[in-house]
Every structure is written in structure tokens, then in C-alpha cells.
Amino acid sequence: MTNQKKECCECSKVLELMIKLTEQNNQLIQINNEQNAQINHLLEHLEDGEEVVNTNRSLDGG
């Protein structure tokens, strides 16, 4: 295999890894956004003086 083909193959592998990392990062951002929405919802209830009901649900959805 020529050096140019090897470099192309290596670049393709790096690009593939970058795409996977970007997808994982997007998933983490979505999880973070959902957690922030849950926190904001709880804060609104606290500010309104309402009692917050514990649903035994963690912020990560588990």
C-alpha cells in the first residue's frame, strides 16, 4: 500500500472516531438539557411555595 493510501486510511479512521465522539457529545448535551429542565421545574415549584413530591426518580432518568 502506498503512503498516500495509508494516510487516507488513517484519516478515515480519525474522521470516523470524531463522528462517534460528536454523536456521544450530542447525547450528553441532550441529557444535560433534560436534567436542567427537571431542575428548573423543581425550582419553579419551590419558588411558588408548592410542596415538591419525591417521585424516587433520579435526574439521569434511572
Drop me the distance from [X]'s [atom1] to [Y]'s [atom2], to the nearest 0.5 angstrom.
X: I31; Y: N26; atom1: CD1; atom2: CG; answer: 11.0 Å
X: Q35; Y: I39; atom1: CD; atom2: CD1; answer: 6.5 Å
X: E44; Y: H41; atom1: CD; atom2: NE2; answer: 7.5 Å
X: I29; Y: N36; atom1: CD1; atom2: CG; answer: 11.5 Å
X: C11; Y: Q4; atom1: SG; atom2: CD; answer: 10.5 Å

Worksheet item: Do Q30 and E34 have side-chain atoms, one donor and one acceptor, less than 3.5 Å apart?
Response: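 On atom types as modelled, these side chains qualify, holding a pair under 3.5 Å.
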Worksheet entry | K13 side chain near L17 side chain, heavy-atom distance below 4.5 Å |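 Not in contact.
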Worksheet item: Taking C-beta and beyond as the side chain, do Q24 and L21 meet within less than 4.5 Å on heavy atoms?
Response: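 They are in contact (side-chain heavy atoms under 4.5 Å apart), so the answer is yes.
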Worksheet item: Within the side chain of N32, is there an N or O that forms a donor-acceptor pair under 3.5 Å with the backbone of L28?
Response: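 It does not hold such a pair.
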Worksheet item: Are K6 and E10 close enough for a salt bridge, meaning some N to O gap below 4.0 Å?
Response: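 No, this pair does not count.
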